[in-house]
Structures are given as C-alpha cells and as structure tokens.
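Below is one structure; the comments refer to it alone.
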Amino acid sequence: MTELTLSRVKADEFDTLDPRSFILIKGANVNNLKNLDVAIPRNKLVVITGLSGSGKSSLAFDTLFAEGQRMYVESLSSYARQFLGRMEKPAVEYIKGISPAIAIEQKVNTRNPRSTVGTSTEIYDYLKLLFARIGHTFSPISGKQVQKDTVTDVVNDILSLEEGTRVLIQTPLILREERSLEVELGLLLSKGYNRVIRNGEVTQIETLLEDSDQLADETAEFFVLIDRASVRHDDEDTQYRLSDSIQTAFFEGEGVCIVQVYGGNSSTYSDKFELDGIVFEEPSVNLFSFNNPYGACKRCEGFGKILGIDPDLIIPDKNLSVYEGAIAPWRTEKMSEWLTPLVRHAGKFDFPIHRPYKELSPQQQELLWNGNEYFTGIHGFIAELERQTHKIQYRVMLSRYRGRTTCPECRGSRLRQDASYVKIGGKSITDLVLKPIHEVASFFQDIELTENDRQVARRILTEIETRLEYMCRVGLGYLTLNRLTNTLSGGEFQRIKLATSLGSALVGSMYILDEPSIGLHPRDTKRLVGVLESLRDLGNTVIVVEHEEEVMHAADQIIDIGPEAGTGGGELIFQGSWQDLQGAEDLPSLTNGQTSYTLNFLLHHDRIELPYSRRKALHFIEIKGARENNLKDINVKIPLNSLTVVTGVSGSGKSTLIRKILFPALMRAKGEFSEEVGRFTELTGSLDRIEAIEMIDQNPIGKSSRSNPVTYIKAYDYIRQMMAERPLSKSRGYKPSHFSFNVDGGRCEVCQGEGQVKIEMQFMADIYLTCEGCNGRRFKQEVQEVKYDGKDIADILDLTVDEAIAFFKDSEPKLVEKLMPLQEVGLGYIGLGQSSNTLSGGEAQRVKLASFLGKGGGHKGKTLFIFDEPTTGLHFHDIKKLLKAINALVEQGDSVIIIEHNMEVIKCADWVIDLGPEGGEGGGYLSFEGTPEAMVQLEGNHTADFLKHKLP
C-alpha cells in the first residue's frame, strides 16, 4: 500500500501554529464533534465533506460561524448588544485566527412579496441611480426627447450668434388671479419694467395706460420686454447680464422665455419638462422605486399582479380556432351572438377564423382582443359584462374568468407607466428588468453613450457590469431581475447571495457556504468553482460544506469528518489536498485505522453500480401542450411502474413541468384540491393506473417543535402502547396518552412537553431556557419511573434510529420493522425524538420516503411518487442507500419521477427526460426522452456529455 503524506497538523505542533496563517479550532465538542482539533489554512478554498450527519455543519456553522458572529456581537457597544440577544460561546476549548464570518446557507429567508432578484443583488439599486443620472425621457406621442431649457442653454444659444447681433429678451404677459390688463401693467410698472411688446411693436407701459382704446382691444398680444442686448463674445459682463435677464424672463413668464433677434426670427425656450402638451416627471431615484408610493405603479400598487381577466381562462385551448369555440365565454347559445359578427365579417379584414389560436400572428391575436368597426373584441365584451354586474349571472360569469394576471399598465415591472419613458441606449428600466440577466449583461457590454454620460455613469456602470457578470458566472443568467425572491429554490438563492458577496469585493473575510452546488447541472458546477476561486483570490477564506466531486477537485484542502454519521461521526478522518490522493494505489492509513467513505469513492474503490437491466414500461401518461413559464408547447411521455429522471441545465423547465403542471393536474384529475395548474392542453394516458400521487419535497415534515421523525412514520404510537403495557403503568392506570408530550397527562406541564421554556425579553430576542420542571426531558417524574429494560420514555426518545434498532432487535420486532425504513434511507443517525424543525430539507425528504417504505404493499402499483432533488445534502454513500430505497418502491409496483442533476442517479434511471438545451428563454424544449444508453449517443447535449463518463 502506497503511504500517503497527510497535510494535517500533528497534535504536539498544534499550539505552535501562527493564527495569521491558520484558523485553529481546539477541542470542539459541538453536537456530535468529539474533541476535534483542526487547523484550517487561511485564504484558501477548503471543502468539508463526510457522510450526512457526520458533523460537517456542526464544524462549519455551529462552531466556526457561531464563534465569528459571537465575536462580532461582543465587539459592539453594550447599547447595540441589548437588541441582538445573547449569543452562547460554542462548546470548544478555543478558536484562534478567526476572520469576520459570512454564512451563505440553503434557505430562502425572505417572504417579502416585493423582494426581487434585482433588489437582492443590489443591481436594481444601481440601475435606479443610472437612469436617474443619465436617463433621457422620450415622449410616447412623438417619440422625441423631452428636454427643459436652462439659463445656460439660452445664454449659449445667444452667444452662438454673430458678434454685435442685437436681441430682445421677452416673455408672455400673464394675467394672474383674474386681474385686468390695466392692473397687471400697473404692477409691472411698479416692479421697474418700462416697456411691453404689443402686436410686435415696443411700447411704453405708461403710454398704454393712458390709451384706453389700446387696452380695450382683446385681440392684442402682449409680451413683457425684459432686456435688450448686443452679443459680445468675450465680455463677461454681457454674459452675467444675459443670465440675469433670462432668469427673470423664466420667472415672469412662468417658465417661458422668448429671444427675438432684431429683424429676424424668435426662439421660444421653456424651463418646464414638457413636450406634446404633456408635463413629464424628471428622472429621479424615487421615480424608479416600486417600494415607494411615488414610483410604484398606481394600478397594481407595486406588486406587478392584479386580479383581472385571465387570458388562459378565456382561451383555455390554444389548439382550437375561433370558429371551433376557442373563446370559452362565447360558446353558449346566448353569448354566441358576440361571435356571430366576427364570423360573418371576417373576410372583410382578412381574419382566419379556421386557424388555431396559437398559430395566429400577434397582430391577429391583438385584433381578436381589441376588436374593430365590424365586431366587439374580447376586451369590449368583458367591459360590457362589468357594466351589467347588477345581474347575478354576469357576476358569476366574470368570476369564472378572473385570476391573478400580470398588470397591463406596468407589464409586471411594478413601476409607474411614465418610468418607462426614460431610456438609455434605447431601453427603459422596465425593458431591462423583464429580460434575462445574460441579455442585460450583453446590453451593457455593447451600450453606446456620449462622452459626458459615460463620465457621469462610469462608476455606476462598473458596479452593474461586475454584478451581472457574477450572476452569469454562478449560472443564474436565465433569471430576470424582476423575478420574485420567494419563488427561487434554495440553491438559486444561495448563489444569488454568493454573487452579491463577490460584487461587494470584501477581503479578509471568512465565507462559509452550505452545498452551493445544489440545484446545479454539472455544466454549471464548473462555473461555480471558478466563482469560489475568485472569492478566495480576493483574499478570503472560503469554507464549503460539499459532496460534489468537481468542487473537491478544485479545493486547496479537503477535510473529511466521520467515519460514520450521528454518534459514530464527529472525528477528523482525513485532511489534505486532492494532489495528496494522487498515486495512492490503496486507501491511505487514516486516523485510528478508520475507513473514509469519501476517499473510497474518490479513489473509485467503491461505486454506485449500474442496474442489471432497464425496466420496460407498458403504460404511460402524457402531458400535451405544456407551455407554462419557458416551456415551448411540448408533449412529454412519462412511463409508469418505472424510475424516471427529469434532468436538464438549471432553469430549463424541469420544476415547471413536474411541479407546476403534472402534479397539480393529476391531483385535479383525481378530484383532489390542488394549487393553481400551469398552462397545458391535455393530460392523457393510463391515468386509471394511478390511485395516489405523493410529492416528496424538502418542505419540513412538521411545523411544531413537538413534531419528530418517529411520530411521522407512526412508530411512536407503538412505543406509547408498549410503555403503557409495562406492569408499573398498568398498576398506576397509565394509558398510552400518558407517554405523549402533545396532550395533558404525563407530559411536563411547566414546559407543555417542549423541554424548553421561552422567556420573552422586551426589546431583545426571546431566550430559551431548559425547563426546570423536567430538566429538558419533557415528561413528569412519575412517568419517567416506568422503565423498559432500564430505559424510560425520555431515554428511548433520546436513542438514535440505529441505537433503537439494536436495543429492540430481539424484544420488539414490530417496532424494529417500523424503524428499519429510516435506516434504509440513511437516517440511522437521527434521534427518535429529534424535533423535525432541526432536520435539513434533504433529511425531511428522506423521512417522508421512509414513511412510504414502511407502509409496505398497501398501495402496490397505484402510487406515483415525485421527488425533487432527493440527493440534496447526500454523500455518495448515502445516495447508494437512497437509490436502493427508491428502487424498492418501483419493485413493489409504484412509479417514481425524480427531478435531478446527479449523474449517479441519472445513470440508474429506466427512462430519462431531458429539457433544454439551455436555461431561461433558451430552454423549455424537449431535448431527449429514452434510456441512458440511448442518451449518450447524443452530440452537443450537456447532460449526455457528462453521462458518457458514467456509462461503460
């Protein structure tokens, strides 16, 4: 066996290391960590890996990040600390060399309905500033640029005339507050003005006041003569005089100044921002802010959606023609009278009534909605119904076709309409936020600006271009800046925060990331690695909790925690670089002779084997005309009684197809309530062979802190019954309910079975203290006196699944049978009574899977299971267990659909559906459907390119 030199630090050298070069963690005992000592090199890319539940997050987040946050809070003033709550020091001997810590976790932690990708990344803040500084307003009527004239503009125009040219500076005479002409002239005289211009002639005001006939002529046109001057190019006094006079003219004429050249033409100037009879708002930051009442769209109040008529309910089947009844409300005998004029006169304006709606040109579709002189369009029809809402039948009809639709006034951009009149390079801010980010990046790369505009916006443009580039590099170029943050996946949100951190260009910090490769196609993982390296190269320590092999290859150091999960983990198994592993013929000798599951897979000593054969489906279901989001009206066949994997690059339309169309459509087909169904034409096939549909996603298994895995899989009922049958329980009259912490009886009444008591602190974060009544054990003392082989109910709930199976193996086979599915899906390390809100998304998903495995064949052949990235947070070793469990479902006759990027899962599928070829607008097409062997024959397919390395 080739010896391997590890770059880990020996125990006797640990205390001599320089904290300026290493982050030193000594004696870490957080959660399942076992007195762990580790020296993490600073300013490097470090990957922490190991089995699920081995202690990776305990080291990265609960130790390193917690201490970084605590030290930051401790550095604040006592006044500031009172608002931040108390932060406990992690269970560790010491940590030295720690930097300011930034954690980027897998959580979309905002529910603000106004938060968007643009605001989260700060790109939108810079866009607002850019349009406020160099945006040019164009009239929607004439298309001409709206400009207001300044005093400087007028002076420059006058000085551009030939030397000695004589000019008159004048302004219209305005009768204010219904004064008479005589009174207004008297006021002008008192202000020091001596002359006015009447019908083109200069006249003394005093002369006019003495001539009542001239004052009585209502057709006469009057202008106030402000000044007369000659052009002197090099005379500063003349410039000052002109400036003063023009300023006065703007004031007296309420924004209008007229410059008349002797014997020549006159030029009218206005300091109002108006054109084509419209007064426009001048560009300002608030004009482009939808979170501000000033800038928000007045119709949708800055939300981008309104309750209006849903076009997809009006025309539900786009394959029908107008003649065949495409317009749903016009299908009845009474309402068909609205259709008759269109059919009768269609030839006069060349409208194809027999052509399917989806094949009509945009102009023809618009005509159908707006109508013309021959027929009333759909909009006119709806308006008529709204005028008749005093009749109940019309109210019912309107409600049938209403839905949450994009606001027509702001096009979903949330901004007031006149914000779109302001443009840079021919594009408004509305145009930009509705485009995919990669298109916005291209726009700014090619933008042409005047030298003055470029100088003004130079710094802003740099910030925008940098952030857009990082968004593309982390694989999110398919998103729009207008996309709501709360619609993003955990992986997308984490990468947005990563791109924002890069854009901020912080140095000397410690970034801790939680599996940033989640939700990423292998093609995009390469880009992600480049981003992580950029973050490191800026001068930061980047610590990544990760299972992805590609990221490990790029790491400066790999830290493997294990060897097992739960109580069997928490030890440093291996620390070294990828290069340390090269040339190792056998697995290196590690700490305490332990085996590393990670190195086993990296060195190909262990692998996930291909299935012996692919299952051939006899029955299918088919989605026809799927066109929600970016799906391009595709038809997709899904086999039953098989393992189907839906794949494609990030943003290609996988979740839209399965989660927004297939799942809710099947639920409705079975007569069950479901969320809103995405747009599609038809769901056909062997629907009668599906009795139940189960979506096994990463949402928590319970919102209550009392919810736990053993309750979810229905094993706790057996445990309570088992404890109630003990002799002491019978003698005291204890029922199964006495061993429940959800109802009164045996639970501790001080903490209501929580184990903790919440102390509400005014102006501070709430504090949770261990209950003094039960010392955190959740049950009354007398209930804890009931023992099963020396263990009370609290002791049993403290057991891990593995420990419980070993403990009850001989005495309670039925209980072991209920717990086995948890062990089979790789969750043997979790506690029976562990609160469900402490489980990760991947763990919650596997608990749900275990609950179905535990039901046996009661639903044989009739259940369709849908998994959304079940490999989230899973080590190679755990993926192997997961695939075995999922295949067990298929073997008992059920059907499984998995949305996944992991090549190990894809290679084991019976059927692969690949969407693409790209993300966003470049995606939404059906790239491939068939077996993995057929897929690897494709050329230029991103998934096939990576799958080739997994198949022989």
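Residues His949 and Met903 are not in side-chain contact: their nearest non-hydrogen atoms beyond the backbone lie 4.5 Å or more apart. Residues Trp330 and Val322 are not in side-chain contact: their nearest non-hydrogen atoms beyond the backbone lie 4.5 Å or more apart. In this structure, Pro311 and Trp369 have side chains that are in contact, with non-hydrogen atoms separated by less than 4.5 Å. For the pair Leu915/Ile634, a side-chain contact is recorded, criterion being any heavy-atom separation below 4.5 Å from C-beta on. Between Arg299 and Cys410 there is no side-chain heavy-atom pair separated by less than 4.5 Å. With a 4.5 Å cut-off on side-chain heavy atoms, Leu368 and Ile327 count as touching. Using a 4.5 Å heavy-atom threshold, the side chains of Asp524 and His901 count as separate. Counting heavy atoms from C-beta on, the side chains of Ile382 and Ile314 come closer than 4.5 Å.
Annotation: Lys616, atom NZ; neighbour count of heavy atoms from other residues, nucleotides and ligands within 6.0 Å does not exceed 12. More than 12 heavy atoms of other shown residues, nucleotides or ligands fall within 6.0 angstrom of atom NZ in Lys948. Atom CG of Asp688 has more than 12 neighbouring heavy atoms from other residues, nucleotides or ligands inside a 6.0 Å radius. The number of heavy-atom neighbours closer than 6.0 Å to CZ of Arg344, taken from other residues, nucleotides and ligands shown, is 12 or below. Counting non-hydrogen atoms of other residues, nucleotides and ligands closer than 6.0 Å to CD of Glu622 gives a total above 12. Counted within 6.0 Å of NZ on Lys632, heavy atoms from surrounding residues, nucleotides or ligands total more than 12; the atom is thus considered enclosed. By the 6.0 Å contact criterion, CD1 on Ile392 is open, its count of non-hydrogen atoms from other residues, nucleotides or ligands being 12 or less.
When atom types are taken as modelled, the side chain of Asn630 and the backbone of Gly651 share a donor-acceptor pair closer than 3.5 angstrom. Formation of a donor-acceptor pair under 3.5 Å by the Ser851 side chain with backbone atoms of Leu849 is not found in this model. In this structure a side-chain-to-backbone donor-acceptor pair under 3.5 Å is present from Asp910 to Leu643. Under a 3.5 Å cut-off, the side chain of Thr119 and the backbone N or O of Ser115 do not form any donor-acceptor pair. Side-chain atoms of Thr647 come within 3.5 Å of backbone atoms of Glu900 as a donor-acceptor pair (strictly under, hydrogens ignored). The closest donor-acceptor contact from the side chain of Arg416 to the backbone of Gly295 lies at 3.5 Å or more, if one exists at all. Of the possible donor and acceptor atoms, none in the side chain of Thr389 sits under 3.5 Å from a partner among the backbone N and O of Leu385. Side chain of Gln364 to backbone of Ser361: a donor-acceptor contact under 3.5 angstrom is found. Formation of a donor-acceptor pair under 3.5 Å by the Arg527 side chain with backbone atoms of Gly475 is not found in this model. When atom types are taken as modelled, the side chain of Asp633 and the backbone of Arg627 share no donor-acceptor pair closer than 3.5 angstrom.
Atom-to-atom distance recorded for Glu324:CD and Arg331:CZ is 10.5 Å, nearest 0.5 angstrom. Going from atom OG1 of Thr121 over to atom CD1 of Ile437 covers 6.5 Å, rounded to the nearest 0.5 Å. Atom OH of Tyr925 is separated from atom CG of Asp914 by 14.5 Å, given to the nearest 0.5 angstrom. For the atom pair Phe375 CZ and Leu339 CG, the distance stands at 9.5 Å (nearest 0.5 Å). Rounding to the nearest 0.5 Å gives a distance of 8.5 Å between CG of Leu683 and CD1 of Ile638. The OG1 atom of Thr656 sits 5.5 Å away from atom CG of Leu631, with the distance rounded to the nearest 0.5 Å.
Evaluated for a side-chain contact (heavy atoms from CB on, under 4.5 Å) with Ile866, the options Val896, Ile693, Ile696 yield exactly one hit, Ile693. Screening Asn635, Ile623, Asn319 for a side-chain contact (heavy atoms from CB on, under 4.5 Å) with Thr681, the sole residue that qualifies is Asn319.
Between Phe351 and Phe349, the ring planes are tilted. Angles from 30° to 60° get that label.
Taking the six-membered ring where the residue is Trp, the centroids of Phe290 and Tyr124 are separated by under 6.0 Å.
Residues Thr480 and Pro436 approach most closely at CG2-N, 4.0 Å, considering heavy atoms. Scanning both residues, Thr644 and Pro639, for their nearest heavy atoms gives OG1-CG, 3.4 Å. The shortest heavy-atom contact between Pro341 and Tyr374 is CB-O, 3.7 Å. Taking both residues in full, the closest heavy atoms of Ser420 and Thr430 are given as CB-OG1, 3.8 Å, listed atom of the first, atom of the second, then distance. Annotation for Val646 and Lys654: closest pair O-CD, 3.7 Å, computed over non-hydrogen atoms. What you find for Arg414 and Cys300 is that their closest heavy atoms are CA-SG, 4.4 Å.
Checked for salt-bridge contact, Lys298 and Asp418 miss the test: no charged N lies under 4.0 Å from a carboxylate O. Ionic pairing of Lys348 and Glu373 is not present here: no N-O contact between side-chain nitrogen and carboxylate oxygen is shorter than 4.0 angstrom. By the 4.0 Å N-to-carboxylate-O rule, Glu869 lies too far from Arg659 to be salt-bridged with it. Contact check on Lys907 versus Glu904 returns a salt bridge, with a Lys/Arg side-chain nitrogen under 4.0 Å from an Asp/Glu carboxylate oxygen.
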Inset, instruction - Using the side-chain contact (heavy atoms from CB on, under 4.5 Å) rule, take Trp338 and Glu384 through it: C-alpha gap first, then chi angles, then the decisive distance, then the call. - result: CA-CA 11 Å; Trp338 294 85; Glu384 181 59 31; 3.8 Å; yes
Inset, instruction - Go through Glu628 and Arg679 one step at a time and tell me if the salt bridge (charged side-chain N to carboxylate O under 4.0 Å, His left out) criterion holds. - result: CA-CA 5 Å; Glu628 181 69 14; Arg679 293 174 295 164; 3.4 Å; yes
Legend entry - side-chain contact (heavy atoms from CB on, under 4.5 Å) assessment of Ile690 paired with Ser895: CA-CA 9 Å; Ile690 300 174; Ser895 306; 5.9 Å; no
Inset, instruction - May I have the step-by-step check of side-chain contact (heavy atoms from CB on, under 4.5 Å) for Leu415 and Val433, ending in yes or no? - result: CA-CA 11 Å; Leu415 290 172; Val433 299; 5.9 Å; no
Inset, instruction - For the pair Leu432 and Leu481, evaluate side-chain contact (heavy atoms from CB on, under 4.5 Å) and give the outcome as yes or no after the intermediate values. - result: CA-CA 8 Å; Leu432 294 180; Leu481 293 173; 5.5 Å; no
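In this model, a donor atom of one side chain and an acceptor atom of the other lie less than 3.5 Å apart for Arg615 and Asn887. No hydrogens or angles considered: nothing links the side chains of Glu694 and Thr863 as a donor-acceptor pair under 3.5 Å.
Remark: Arg114 qualifies as a cation-pi partner of Phe303 under the 6.0 Å distance and 45° angle criteria applied to the six-membered ring.
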